[in-house]
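Note: hydrogens, waters and symmetry copies are ignored here, and every other heavy atom, side chains too, is used.
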Amino acid sequence: MVWKIKNQMSNTSAIAQLQLQRELLRVEYQEEKEAYRLHSESMGLARMVTRGDAWFPLHVGRTYYNSLNQFCIEVTRKADEEIDHNFEYGKPVVFFSAEVPDGDLKRATHIHFFNFTGNISYVDGDRMVVAIPEGHTLELQNSQLPLGVQLFFDETSYRMMFDALERVINAKGTRLAYLRDLFYGHQRAEEFTFDAMRFPWLNTSQERAVNDVLRAKDVRVLHGPPGTGKTTTLVEAIGETLMRETQVLVCAQSNTAVDWISEKLVDCGIQVLRIGNPTRVNDKMLSFTYEHRFADHPDYPKLWQVRRNMRELRHKRREKGERFHQKLERLKELAVELEVRINADIFGQVRVIASTLVGAGNKLLDGKKFGTVFIDEAAQALEAACWIPIRRASRVILAGDHCQLPPTVKSLEALKGGLGVTLMERIVKNKPECVSLLQVQYRMNDEIMQFSSDYFYHGQMKSAPEVAHRLIHEGDAPILWFDTSTINMGEDERNDFKEQFIGESFGRVNKGEANLTISLLQIYFQRVGKQRILDDRIDVGIISPYRAQVQYLKRLIKKRAFFKPYRHLISINTVDGFQGQERDVILISLVRANDTGQIGFLRDLRRMNVAITRARMKLFILGDAPTMTRYPFYKQLFDYIQRVRGLRDQ
């Protein structure tokens with residue numbers, strides 16, 4: 001279907017291409033929904049819990065109405081503290097009950113799903129608050145079997161993306177229509193003309209980027225390679241924009257990124273209103289959420305009492321006829337009046353509205369227009385998601401790096417059709433004059449940085465002098481590749497360094513490589529010395545593209561007594577889990593080792609760019625060179641590491 005539409009398109013107009021985007025999104029929606037159904041049916045409760053997609057068993061706590069008048073139920077889980085989870089604010093969930101003989105989740109039977117869904121209102125550690133429809137509490141509380149909760153298919157995000165695309169496609173004679181045609185065409189974006197402003201605390205490329213943002217009438221792309229201070233530059237650009245505009249909208253693909261930029265803006269003294277709850281739950285973050293400010297408003301107690309009176313009136317329902325309806329209508333009018341007054345005060349006191357891209361479709365923002373929308377993580381967002389906030393703004397500033405993690409697209413057909421091409425990539429291609437590249441990086445030793453700079457950024461990145469030659473100890477080699485094909489573990493253990501496939505959901509594991517990774521880290525720590533590591537808080541990231549390898553590495557670290565004093569300094573995660581982070585030492589376990597040279601999604605070089613640029617001072621890569629170097633990127637990386645090592649040894 002998609003290919004037919006693509007082939008039949010007789011023109012490349014913006015509308016035709018957006019219609020194709022809509023069809024590709026529909027393919028993705030249908031495939032993800034079906035995959036979710038099959039996944040839920042075949043996965044099994046034990047796997048769902050281990051993957052972090054379900055909590056079981058649950059303790060059901062109190063119920064109450066939150067400040068937004070949503071009926072909420074509080075639940076806590078009893079789980080292994082090592083099990084992470086994927087629950088976060090706004091995600092839909094469904095409750096279930098199950099019989100588990102002898103506590104063995106693999107033998108779970110009589111799984112019953114309750115006939116209602118909820119949305120996560122708050123989650124922190126092992127405690128979660130879920131907003132559910134009224135009238136279902138007793139079903140949960142009276143269940144004879146243990147209760148659980150699992151993530152549900154997210155219809156809301158798709159609905160908002162489809163709605164945004166429809167609005168963009170149908171726009172005529174509006175600013176939205178102008179931006180649509182501009183982004184898809186090759187005409188030059190308009191700019192203001194004024195002398196450059198000086199920002200002595202920024203480097204030259206950052207200063208130029210802020211000026212470029214201020215001059216942009218329509219659109220600007222802030223391209224920030226790893227470690228180049230993209231957030232610092234973006235915060236400066238937002239602050240300067242607020243010298244000219246009353247209020248701006250700031251969005252990002254993930255809640256974590258919204259939290260990060262919001263916190264930096266608050267640190268600069270800028271009043272931020274966070275739509276949606278933060279992922280990092282602390283007093284500072286919660287204080288600028290909409291829900292907190294709403295509940296903290298002087299008129300809120302009066303509104304709470306009115307809502308209570310309405311609930312009591314509905315529950316009694318003794319009075320019939322006109323008098324009952326008149327009372328209820330008066331209370332409704334008073335509640336609406338108070339809500340409007342509170343919202344006007346809240347929105348009138350802040351300079352920045354911050355939300356995820358999907359969160360920008362919240363009804364709280366209905367009717368609101370902004371001079372500028374800033375979209376961080378733009379290279380990780382589907383184009384349809386970006387249009388949700390863009391339709392509320394006159395100009396668009398996109399920040400990110402299209403040479404790092406791409407958006408997640410699960411349908412191969414949709415991916416081949418171009419759904420993975422982001423709006424940021426489209427503008428970079430169509431309007432290179434609108435791109436401001438940050439060029440000085442403050443994270444990595446120069447040897448770690450140079451390969452990424454040459455391969456992904458045309459050699460334009462430079463290292464700040466203070467990090468260029470920084471090492472953990474003198475004479476250390478900043479970057480090493482351990483070729484596991486050359487390591488002989490003895491006759492009985494020869495296959496230890498071959499990958500094993502353990503299922504579609506978790507992927508692959510390479511136990512020999514995992515053990516070598518942990519052993520190398522132990523040897524390195526012994527060389528550096530315990531006191532130095534603890535005093536300087538030398539932190540470590542262990543990265544693998546495969547979740548199975550990540551889980552196995554976590555178990556190995558936990559078992560090895562040597563690492564007990566250092567566990568708070570060691571993080572183990574997938575490449576995606578390390579996006580936006582950095583560590584003094586990074587170890588990358590590539591996993592793939594086979595006779596056919598298959599490397600799967602390691603062919604997505606942007607993920608490897610993320611992995612190798614997390615390290616500040618030391619980077620270990622562990623992988624089977626004969627498998628990996630069949631691909632030009634890995635051959636060049638392997639050869640580069642051998643070359644710099646040879647130069648160092650001279």
Task: Side-chain donor-acceptor contact under 3.5 Å, N609 with S452 - done: yes

TODO: Go through the steps for Y455 and F633 under the test ring-ring contact (aromatic ring centres under 6.0 Å, His included), then give the verdict.
DONE: CA-CA 8 Å; Y455 196 94; F633 170 84; 4.9 Å; yes

Open item on the list: Measuring only between side-chain heavy atoms, which start at C-beta, is R392 closer than 4.5 Å to V373?
Closed with: no

Open item on the list: Ignoring hydrogens and geometry beyond distance, is a side-chain donor-acceptor pair present between N119 and Y89 at under 3.5 Å?
Closed with: no

Open item on the list: Tell me whether E32 is salt-bridged to K410, with the criterion being a basic N under 4.0 Å from an acidic carboxylate O.
Closed with: yes

- [ ] Drop me the distance from H325's NE2 to K332's NZ, to the nearest 0.5 angstrom.
- [x] 9.5 Å

Task: Minimum side-chain heavy-atom gap M128-F87 below 4.5 Å - done: yes

Task: Residues D218 and R395 bridged, charged N to O under 4.0 Å - done: no

Task: F116 and H136 aromatic ring geometry - parallel, tilted or perpendicular at 30°/60° bounds - done: parallel

Task: Residues E23 and R26 bridged, charged N to O under 4.0 Å - done: yes

Task: Atom CZ of R188 with >12 non-hydrogen neighbours under 6.0 angstrom - done: no

Task: R274/D259 ion pair, N-O < 4.0 Å - done: yes

- [ ] Starting at SG of C386, measure out to CD of Q253 and round the result to the nearest 0.5 Å.
- [x] 7.5 Å

Open item on the list: Just verifying a value: how many Å separate F113 CZ and F152 CZ, rounded to the nearest 0.5 Å?
Closed with: 9.0 Å

TODO: Return yes if some donor-acceptor pair links the side-chain N/O of K33 with the main-chain N/O of E155 below 3.5 Å, else return no.
DONE: no

Open item on the list: Under a 4.0 Å threshold between the charged nitrogen and the carboxylate oxygen, would D154 count as salt-bridged to K91?
Closed with: no

Open item on the list: Using side-chain heavy atoms (C-beta onward) and a distance below 4.5 Å, is P226 in contact with R614?
Closed with: yes

- [ ] Nearest 0.5 Å please: distance from the CD atom of E413 over to the CD atom of E31.
- [x] 8.0 Å

Open item on the list: Less than 3.5 Å apart, any donor N or O on the side chain of N255 or E88 sitting next to an acceptor on the other?
Closed with: yes

Open item on the list: If the threshold is 4.0 Å, N to carboxylate O, is there a salt bridge linking K230 and D401?
Closed with: no

TODO: May I ask you to check if K217 and F192 form a cation-pi contact, with NZ or CZ under 6.0 angstrom from the six-membered ring centre and within 45° of the axis?
DONE: yes

- [ ] Only pairs at least two apart or in different chains count here, so list each ring-ring contact (aromatic ring centres under 6.0 Å, His included) that has a residue in residues 394-425.
- [x] H223-H402

Task: Polar contact flag, side-chain donor to acceptor under 3.5 angstrom, E377-S254 - done: yes

Open item on the list: Closer than 4.0 angstrom, basic N to acidic O: yes or no for K429 and E425?
Closed with: no

TODO: Report the relative orientation of the aromatic rings in Y158 and F153; use parallel for angles under 30°, tilted for 30 to 60°, perpendicular for over 60°.
DONE: parallel

Open item on the list: Which residues pass the side-chain hydrogen bond (donor to acceptor under 3.5 Å, both in side chains) test with N430, not counting sequence neighbours?
Closed with: none

- [ ] Check the surroundings of atom CG in D366: do more than 12 heavy atoms from other residues, nucleotides or ligands lie under 6.0 Å from it?
- [x] yes

Task: Within 45° cone of F194 ring axis and under 6.0 Å: R215 NZ or CZ - done: yes

Open item on the list: Is there a salt bridge (charged side-chain N to carboxylate O under 4.0 Å, His left out) between D163 and R159? Walk through the geometry before answering.
Closed with: CA-CA 6 Å; D163 177 64; R159 189 169 63 248; over 6 Å; no

- [ ] Taking the side chain as every heavy atom from C-beta outward, state whether L273 and I346 have any pair of such atoms under 4.5 Å apart.
- [x] yes

- [ ] Could you label the plane-to-plane angle of the Y300 and F294 rings as parallel, tilted or perpendicular, counting under 30° as parallel and over 60° as perpendicular?
- [x] perpendicular

- [ ] May I ask you to decide whether R293 forms a salt bridge with D345, counting only side-chain N to carboxylate O separations under 4.0 Å?
- [x] no

- [ ] Taking only Lys NZ, Arg NE, NH1 and NH2, and the carboxylate oxygens of Asp or Glu, determine whether R220 and E191 approach each other closer than 4.0 Å.
- [x] yes

TODO: Can you measure from CG (L419) to CG (L415) and round to the nearest 0.5 angstrom?
DONE: 8.0 Å

Task: Rounded distance [0.5 Å steps], CG in L398 versus CG in D376 - done: 10.0 Å

Open item on the list: Tell me whether the NZ or CZ atom of R22 lies within the 45° cone about the ring axis of F162 and under 6.0 Å from its centre.
Closed with: no

Task: Charged tip of K264 within 45° of W260 ring normal and under 6.0 Å - done: yes

